[in-house]
Every structure is written in C-alpha cells, then in structure tokens.
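Throughout, numbering of the chain's residues begins at 1 and tracks the sequence.
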Amino acid sequence: ETWGDYEVIVLVRDAMGTETSAKAKVAVAAHDAEDYHDWNASVANVQRNGRWSHDIVEVTKSQVGYAQSEKDFILSSSCARQYYSRYGAWYGNDYASNWNAMFAAFACNYGGGRRSMIGWSSSVVDWRDNVKAKGAYFLKSSGYTPSAGDLVFLNDEGRLTPQRIGVVEKAGGTLTVIEGDVSGRVARMSYDAYGLEVIGFVDMDLLQGLFEGTVTITEAPTATPTAAPTAEPPPPPPLWPPVGAAPHPQTPPPPPPGP
C-alpha cells in the first residue's frame, strides 16, 4: 500500500506545440481501521476485580503508548488532517479531531462503569455537568482528596471550564494521570494536585456506591464522602457492546442500554 504526500504535475500541449504545466500536492491515505474484536483484544489481559476505580485504571494502563494512525486520515474543510483513532471509532466518530474524552469513555466502559452514572460524553464540559448533577464532582478547592481511579478535569489556562479529562493512576501531591490524545497518543502525564491545570475531580467510588445503593447523598457534598463499593460487587458487563456508546457502522447494533 502507498500513502503519503505526492506532487502531481499536469502537462498540456496545444496544437502549436506550446506547453504549459501545473503542479499540485496530493495527500494519499490508506485505510487502517479496527473493529470491536481489536478493541476487546487490546484489553484482554486486564485484571478486573469489579471495583470501577481499580478496573478503569487497569484499562487505561493497557492503552498507554497507543497512537492514532498517521496513514489513515481525512481532510477537514480547512485541509487539516484528522486521523483515525481506536477511541473515535469506538465512539462512532472514526476521525474525531479531538478524541481525549472518547478515550476516557472507552476506559470507563471497559472498566465496567455505567454511563447512566458516569455520564460520559465527547464534550468534557457536558461530562463535567453530568457528574456534577450526580453530586460526585469536586473542585480542587473543596478539600477533596483524589484517589486512583478518579477522573480529573484539566485546563491549561487555569480556568474553570475543562478542556481535557484524564484518569488518575497515582494520587498524592503529584498526580500521575493517563490521558488520551496527547499529541495523538495515550500517555502518562504529571500534574501538581493543586496546580494551575487541575480544575476538579470525579469520585468514582462514590458513583459506584450510588449505583449499587450502598450510599446516598442527602445534601451537596463538600469533601470526600465516606463511600465505598460493596464487598462483592457484581462482575463487569460483557466487553461488547460498549455500554451507552454510539454503535459503529461496521458492527451489529447493540441491544437496548442497561441501567
């Protein structure tokens, strides 16, 4: 297969023998798609224990190093290249120009989380609003102490409107966060837990406790709730179809979404 940038030269000669030519650059792509078999295979060795916070971290760790396809792309209206990614394809938008939130959604789904609670979206702002409505979103100024498996919302300019989302792999004064679409890759990043980029956190254990009915919220929480999943949580859902994800055109339509 041949892909890359090519220069096309068109030469025209009229009846008098006069020649003229023109050059144009052409970008040639090659299809490099995956399907749900590949997605399942990418997480086949993940060790799950039924706790969302644990399992979501394990899924993200299995994806570190993945890079979007440089040879499979489309051109936007401004002729910018939009590359194929595993997470855009899983979400139903193969050539998403920004697949950061789609990666986090992929991890939450394959980690056994429920969209009805976690509220994932391709828009990080909508996602923040969804978990805020559940009472599981905490600004860094609230006194909340993040844990591994929490989601973290980020903004490079220190504003409260999130630009990106990641999964906390290791918590402490310095956070180790696994993010999607970091220069086209899944990568580990480090942030000061109370630094400029960090806006707030999603308590994943609280969301699971609310889903399972082991915890209730009677008023708006201000700090870390004393929530924990049940001692023997139910097993995660089947790897396919993804819970609440948009169906991929090459895959069979999923059944009606669960709880």
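- For Glu157, the CD atom sits in a packed shell: over 12 heavy atoms of surrounding residues, nucleotides or ligands are nearer than 6.0 Å.
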Set out, in order, the CA-CA distance, both residues' side-chain angles and the distance that settles side chain to side chain contact (heavy atoms under 4.5 Å, CB included) for Tyr83 and Glu70, then state yes or no.
CA-CA 6 Å; Tyr83 296 99; Glu70 295 295 315; 3.6 Å; yes
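- The minimum heavy-atom distance linking Val198 with Ala193 is given by the pair CG1-O, 3.6 Å.
- Each of Trp99, Tyr95, Tyr84 was checked for a side-chain hydrogen bond (donor to acceptor under 3.5 Å, both in side chains) with Gln68, and the lone residue meeting it is Trp99.
- Annotation for Asn45: atom CG does not count as buried by contact number, only 12 or fewer foreign heavy atoms lying within 6.0 Å.
- Applying the ring pair (Phe, Tyr, Trp, His ring centres under 6.0 Å) criterion to Phe103, with sequence neighbours excluded, gives Tyr87.
- Of all the heavy atoms in Trp120 and Arg114, the pair that sits closest is CZ3-C, 4.1 Å.
- Tyr66 places a side-chain N or O within 3.5 Å of a backbone atom of Arg86 that can act as its donor or acceptor partner.
- Side chain of Gln208 to backbone of Gly50: a donor-acceptor contact under 3.5 angstrom is found.
- No side-chain donor-acceptor contact under 3.5 Å links Lys170 to the backbone of Val177.
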Intermediate values then yes/no, side chain to side chain contact (heavy atoms under 4.5 Å, CB included), Val182 and Arg188
CA-CA 9 Å; Val182 179; Arg188 284 185 172 90; over 6 Å; no
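- Tyr191 OH to Glu197 CD: the interatomic distance, rounded to the nearest 0.5 Å, is 6.5 Å.
- Using a 4.5 Å cut-off on side-chain heavy atoms (C-beta onward), Phe138 and Leu206 make contact.
- In this structure, the separation between CZ on Arg13 and CD on Glu19 is 4.0 Å, given to the nearest 0.5 Å.
- In this structure the side chain of Leu175 reaches within 4.5 angstrom of the side chain of Phe201, judged on heavy atoms.
- Taking all atoms of both residues into account, the shortest heavy-atom contact from Ile199 to Leu154 is CD1-C, 3.8 Å.
- Note: Thr60 OG1 to Glu169 CD = 6.0 Å, rounded to the nearest 0.5 Å.
- Not counting sequence neighbours, the partners of Lys61 by the salt bridge (charged side-chain N to carboxylate O under 4.0 Å, His left out) test are Glu58.
- Residues in residues 122-131 take part in no side chain to side chain donor-acceptor pair (under 3.5 Å) pair, two or more places apart or across chains.
- The two residues Tyr91 and Ala105 make their nearest non-hydrogen contact at CE1-CB, 4.2 Å.
- Counted by atom type alone, Ser42 and Gln63 present one or more donor-acceptor pairs between their side chains at under 3.5 Å.
- In the hydrophobic cluster analysis, where Ile, Leu, Val, Met, Phe, Trp and Tyr join through side-chain heavy atoms closer than 4.5 angstrom, Val168 is grouped apart from Leu196.
- If you look at Trp39 and Phe106, their ring centroids are not closer than 6.0 Å.
- Atom CH2 of Trp52 sits about 9.5 Å away from atom SG of Cys108, to the nearest 0.5 Å.
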Pair Val167, Val57 - check side chain to side chain contact (heavy atoms under 4.5 Å, CB included), show working.
CA-CA 7 Å; Val167 176; Val57 169; 4.0 Å; yes
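- One N or O on the side chain of Lys140 and one on the backbone of Gly195 form a donor-acceptor pair closer than 3.5 Å.
- Residues Leu160 and Leu139 meet the side-chain proximity criterion, which asks for heavy atoms closer than 4.5 Å.
- Distance check, rounded to the nearest 0.5 Å: CD1 of Ile56 to CZ of Arg48 gives 11.0 Å.
- If you run side-chain hydrogen bond (donor to acceptor under 3.5 Å, both in side chains) between Arg164 and each of Asp181, Asn98, Asp156, only Asp156 comes through.
- In the displayed structure, Lys132 atom NZ is contacted under 6.0 Å by at most 12 heavy atoms of other residues, nucleotides or ligands.
- If you take CG on Asp35 and CG on Asp38, they are separated by 5.0 Å, rounding to the nearest 0.5 Å.
- Residues Thr174 and Ser190 share a closest heavy-atom pair of CG2-CB, 4.2 Å.
- Of all the heavy atoms in Asp55 and Gln47, the pair that sits closest is OD1-O, 4.2 Å.
- In the model, Tyr137 has no side-chain atom that pairs as donor or acceptor with a side-chain atom of Asp203 under 3.5 Å.
- Side chains of Ser183 and Arg185: a donor-acceptor N/O pair is absent below 3.5 angstrom, by distance only.
- Side-chain atoms of Asp150 come within 3.5 Å of backbone N or O of Met204 as a donor-acceptor pair.
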